[in-house]
Q: 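Would you mind keeping the following structure in view while I ask a few things?
These numbers come from a predicted model, not from an experiment. Counting starts at 1 for both ligands and their atoms, in listed order.
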Amino acid sequence: MHPLQCVLQVPRSLGWGPLASVSWLSLRMCRVHSSLSSTMYPSPERQEDGAQKDFSSRLATGPTFQHFLKSASAPQEKLSTEVEDPPPYLTMDELLGRQRKVYLETYGCQMNVNDTEIAWSILQKSGYLRTSNLQEADVILLVTCSIREKAEQTIWNRLHQLKALKTRRPRSRVPLRIGILGCMAERLKEEILNREKMVDILAGPDAYRDLPRLLAVAESGQQAANVLLSLDETYADVMPVQTSASATSAFVSIMRGCDNMCSYCIVPFTRGRERSRPIASILEEVKKLSEQVILLPRPPKVLGLQGLKEVTLLGQNVNSFRDNSEVQFNNAVPTNLSRGFTTNYKTKQGGLRFAHLLDQVSRVDPEMRIRFTSPHPKDFPDEVLQLIHERENICKQIHLPAQSGSSRVLEAMRRGYSREAYVELVHHVRESIPGVSLSSDFIAGFCGETEEDHIQTVSLLREVQYNMGFLFAYSMRQKTRAYHRLKDDVPKEVKLRRLEELITVFREEATKANQTSVGCTQLVLVEGLSKRSATDLCGRNDGNLKVIFPDAEMEDVNNPGLRVRAQPGDYVLVKITSASSQTLRGHVLCRTTLRDSSAYC
Ligand code: 5AD
Ligand code: SF4
């Protein structure tokens with residue numbers, strides 16, 4: 001995992017953004033809003049030139065507000081991201097990017113990294129170019145996070161820096177346009193436009209298809225926004241452009257939104273209701289990734305024919321996946337939950353569930369590792385656990401976000417389980433999947449959390465002994481149930497002290513858990529050179545822990561006698577010699593394949 005800094009396009013991060021002194025990341029990771037949702041805001045400060053007058057007159061004869069609501073909320077049946085016909089107040093030329101250069105900056109969770117690529121895929125088809133040089137940009141888009149206040153503060157600070165860039169821009173260049181995308185756009189809506197006049201466009205998480213239109217409107221000096229949430233937008237047909245530096249792995253979005261309404265969480269309000277992508281389109285994307293040609297960094301540098309070696313299925317509640325798109329599966333079969341767990345919503349029925357998807361995805365390529373994140377502990381019925389146990393290429397790694405070790409706090413959080421039910425699930429998971437690696441999220445200092453509750457959380461960390469942990473201080477969010485019904489009564493210093501204590505205990509326990517690997521031989525998927533040393537390579541074991549080992553020649557088990565050096569995308573066997581709370585070290589034994597090898601102790 002990654003140090004908790006501002007997550008700027010960190011490809012492997014499985015977590016929401018940074019918090020205080022925590023040093024790990026986790027993942028994570030509506031009904032159509034009735035309020036003003038898709039509209040344009042004239043900026044009084046901006047002078048109309050001739051072109052703008054022309055635009056304004058076309059705007060006056062353009063569509064009504066209803067038009068926007070209709071087009072933005074209608075079920076998206078389109079199966080193409082080809083550039084659409086322009087709305088009546090724009091010409092085709094205005095809708096196209098005209099080679100304008102877009103700079104995208106991502107904050108927050110892995111879902112946002114994926115959303116960035118979706119947004120880029122849409123803009124690229126509209127004729128925009130991408131730049132990684134801020135100074136070169138004509139359009140700057142920030143893909144934002146609202147999960148905690150600190151995440152939003154980072155964006156406000158960034159906006160102030162960008163304001164200076166916009167003001168200093170020479171008149172000889174096209175005016176710089178700035179956009180806020182994602183959760184913060186959704187949460188704050190017009191407030192951003194009113195507070196920061198230099199923001200030109202706002203696009204909520206379900207409005208990325210509208211980006212070309214929003215930018216075209218912004219070209220004329222108007223502010224433009226679309227923050228409509230959708231019941232069915234999954235961007236199923238938009239293949240994200242995978243720009244990750246990693247030649248080994250990719251993320252595939254399988255569902256969006258959350259129906260759980262945990263009392264502390266803003267996500268259901270910013271990302272809307274749960275909806276799943278049809279299985280057929282997920283399988284198509286995974287197949288393409290498994291066939292993707294990759295360029296190897298060292299000789300023979302041939303275009304690698306092996307394709308990507310790891311796919312992580314992504315979703316806010318990834319294991320609540322339910323594909324209702326095929327009518328024949330929409331029967332009345334009730335949903336199996338983990339034992340002792342309940343939902344905050346009416347039980348759903350029918351559809352193709354996560355176990356079915358996992359089965360299908362893992363069959364695409366037996367050499368491709370499958371991971372998924374972020375799950376909810378309530379959705380681990382036996383069929384999912386059994387499949388993870390049986391299928392060689394599904395990683396034995398499960399994220400089980402507990403949030404607290406106190407049943408009293410869990411109830412206030414509306415998590416739908418008690419400490420006892422959670423601990424029972426942990427035992428059941430460990431019995432079903434021997435050797436499974438476990439991780440969790442915890443919140444320190446939730447409303448009403450007493451010292452005794454905190455001690456319960458410490459004891460849960462000791463009892464479970466997680467391999468990875470993502471720990472946060474509670475941050476009250478408007479709109480949530482906690483905001484309306486509870487009191488944020490744990491002082492900031494107490495929250496931070498408890499957080500530090502949780503981090504210390506987590507580290508001690510993770511070190512112990514990881515040290516059980518010393519002396520074992522593990523299968524590692526090579527990612528590339530270690531960041532700290534040019535003579536070391538770095539990869540991940542099945543549990544997703546980073547493994548560092550010297551870059552040495554080794555035997556290739558499939559070509560006896562051949563000596564090779566590892567390339568990104570190779571599977572190698574590594575003998576583990578030491579372990580810390582976040583990393584394993586060892587020496588490489590041989591190059592192998594996922595099917596031919598089995599890790600052993
Ligand atoms: N304050 C602190 N942490 C939060 N999380 C979600 N909402 C909040 C909040 N308001 C944490 C939870 C979740 C993770 C992604 O972020 O632990 O699992
Ligand atoms: Fe937030 Fe709970 Fe949904 Fe996770 S499951 S996104 S914590 S509401």
Side-chain angles (χ1 to χ4, degrees), residues 1 4 7 13-20 22 24-30 107-112 145-153 183 186-187 205 255-275 314-321 337-338 341-345 373-380 399-405 409-410 412-417 422 439-447 449 457 460-461 466 468-484 486 488 490 492 495-496 498-499 502-503 506:
M1 290 289 149
L4 270 188
V7 187
S13 82
L14 291 181
W16 257 317
L19 212 247
V22 188
W24 306 277
L25 279 184
S26 71
L27 169 113
R28 252 151 271 194
M29 299 186 239
C30 287
Y107 296 81
C109 66
Q110 188 56 51
M111 211 64 197
N112 271 6
C145 172
S146 284
I147 191 87
R148 284 167 286 271
E149 193 175 339
K150 189 142 185 269
E152 287 193 355
Q153 195 50 54
C183 289
E186 195 61 56
R187 193 179 89 75
M255 58 84 67
R256 297 172 75 84
C258 176
D259 285 352
N260 290 323
M261 294 281 181
C262 299
S263 63
Y264 51 81
C265 190
I266 189 70
V267 167
F269 303 93
T270 57
R271 287 196 164 255
R273 300 292 299 271
E274 270 179 36
R275 62 227 108 117
L314 264 189
Q316 260 100 24
N317 275 285
V318 76
N319 54 341
S320 307
F321 178 86
L337 293 179
S338 312
F341 286 63
T342 56
T343 56
N344 285 334
Y345 50 79
T373 197
S374 179
H376 191 288
K378 73 175 165 39
D379 284 310
F380 279 110
H399 187 60
L400 278 185
Q403 312 298 357
S404 171
V409 173
L410 287 170
M413 288 176 162
R414 287 171 66 84
R415 288 290 290 172
Y417 52 86
Y422 180 87
S439 57
S440 184
D441 295 347
F442 285 96
I443 298 177
F446 183 60
C447 308
E449 186 191 76
T457 302
L460 186 65
L461 281 168
Y466 296 97
M468 287 183 211
F470 312 107
L471 308 144
F472 313 97
Y474 175 60
S475 165
M476 175 71 99
R477 311 308 289 137
Q478 275 178 13
K479 284 198 182 173
T480 58
R481 194 179 164 91
Y483 178 79
H484 292 296
L486 304 174
D488 186 13
V490 179
K492 193 173 171 201
K495 282 181 188 166
L496 292 179
R498 288 182 188 166
L499 178 63
L502 296 184
I503 292 171
F506 160 72

Q: Provide the closest heavy-atom pair for Arg477 versus Ser146 in the form atom of the first, atom of the second, distance.
A: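 The pair with the smallest heavy-atom distance is NE-O, 2.9 Å.
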Q: Determine yes or no for a side-chain-to-main-chain donor-acceptor pair under 3.5 angstrom, with Asn319 supplying the side chain and His376 the backbone.
A: yes
Q: Out of Pro401, Cys262, Ser374, indicate the one that has the non-hydrogen atom closest to atom 8 (S) of ligand 2.
A: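 Closest candidate by heavy-atom distance is Cys262.
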Q: For the 3.5 Å polar cut-off, considering only N or O atoms, please tell me whether Asp441 and ligand 1 meet it.
A: yes
Q: Asn317 and side chain to side chain donor-acceptor pair (under 3.5 Å): which partner among Asp379, Asn260, Asp259?
A: Asn260
Q: Would you mind listing which atoms of ligand 1 come within a distance below 4.0 Å of any non-hydrogen atom of Gln403?
A: 12 (C), 13 (C), 17 (O), 18 (O)
Q: Is it the case that the side chain of Asp441 and the backbone of Pro401 share a donor-acceptor pair, with hydrogens and angles ignored and the cut-off at 3.5 Å?
A: no
Q: If you count the atoms of ligand 2 from 1 in the order shown, which ones are under 4.0 Å from a heavy atom of Pro268?
A: 8 (S)
Q: Would one find an N or O of Tyr474, backbone or side chain, under 3.5 Å from an N or O of ligand 1?
A: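 Between Tyr474 and ligand 1 (N or O atoms, distance only) the closest approach is not under 3.5 Å.
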Q: At a 4.0 Å threshold, what atoms of ligand 2 neighbour a non-hydrogen atom of His376?
A: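 Within the 4.0 Å cut-off of His376, ligand 2 contributes 5 (S).
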Q: Where does Met476 meet ligand 1, judged by heavy-atom distances below 4.0 Å: at the side chain, the backbone, both, or neither?
A: neither
Q: Answer yes or no as to whether an N/O/S atom of Cys258 is found below 2.8 Å from atom 1 (Fe) of ligand 2.
A: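 No.
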Q: Do the side chain of Tyr466 and the main chain of Leu400 share a donor and acceptor less than 3.5 angstrom apart?
A: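 Between the backbone of Leu400 and the side chain of Tyr466 there is no qualifying donor-acceptor contact (under 3.5 Å).
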Q: Look at the side chain of Arg256 and the backbone N and O of Pro205, then say whether any donor-acceptor pair between them is shorter than 3.5 Å.
A: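 Pair found, side chain donor or acceptor close to backbone of Pro205.
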Q: Between Ile266 and ligand 1, which part of the residue brings a heavy atom under 4.0 Å of the ligand: side chain, backbone, both or neither?
A: neither
Q: Quick one: does Thr270's side chain have a donor or acceptor within less than 3.5 Å of a partner on Glu186's backbone?
A: no
Q: Counting distance only, does the side-chain N/O of Ser263 pair as donor-acceptor with the main-chain N or O of Ala412 below 3.5 Å?
A: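 Flag set: sc Ser263 to bb Ala412 pair under 3.5 Å.
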Q: Looking at every non-hydrogen atom in both residues, tell me the closest pair between Arg415 and Pro377 and how far apart they are.
A: NH2-CD, 3.8 Å
Q: Is it true that Arg271 lies under 4.0 Å from ligand 2, counting heavy atoms only?
A: no
Q: Answer side chain, backbone, both or neither: which part of Phe472 comes under 4.0 Å from ligand 1, heavy atoms only.
A: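 It is the side chain that touches ligand 1; the backbone stays farther off.
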Q: Examine ligand 1 and decide if any of its atoms is less than 4.0 Å from a heavy atom belonging to Ala473.
A: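 Right, Ala473 reaches ligand 1.
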Q: Number the atoms of ligand 1 from 1 as they appear, then name those within less than 4.0 Å of a heavy atom of Arg477, with their elements.
A: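 Taking each heavy atom of Arg477 in turn, ligand 1 has 10 (N) under 4.0 Å.
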Q: Would you mind running through ligand 2 and noting each atom that sits below 4.0 Å from a heavy atom of Asn317?
A: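 Going through ligand 2 atom by atom, the ones under 4.0 Å from Asn317 are 3 (Fe), 5 (S).
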Q: Evaluate side chain to side chain contact (heavy atoms under 4.5 Å, CB included) for Met413 paired with Ser404, printing each intermediate quantity in order.
A: CA-CA 9 Å; Met413 288 176 162; Ser404 171; 4.2 Å; yes
Q: Check Ser374 against ligand 1 and report side chain, backbone, both or neither, counting heavy atoms closer than 4.0 Å.
A: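 Ser374 to ligand 1: no contact under 4.0 Å from either part.
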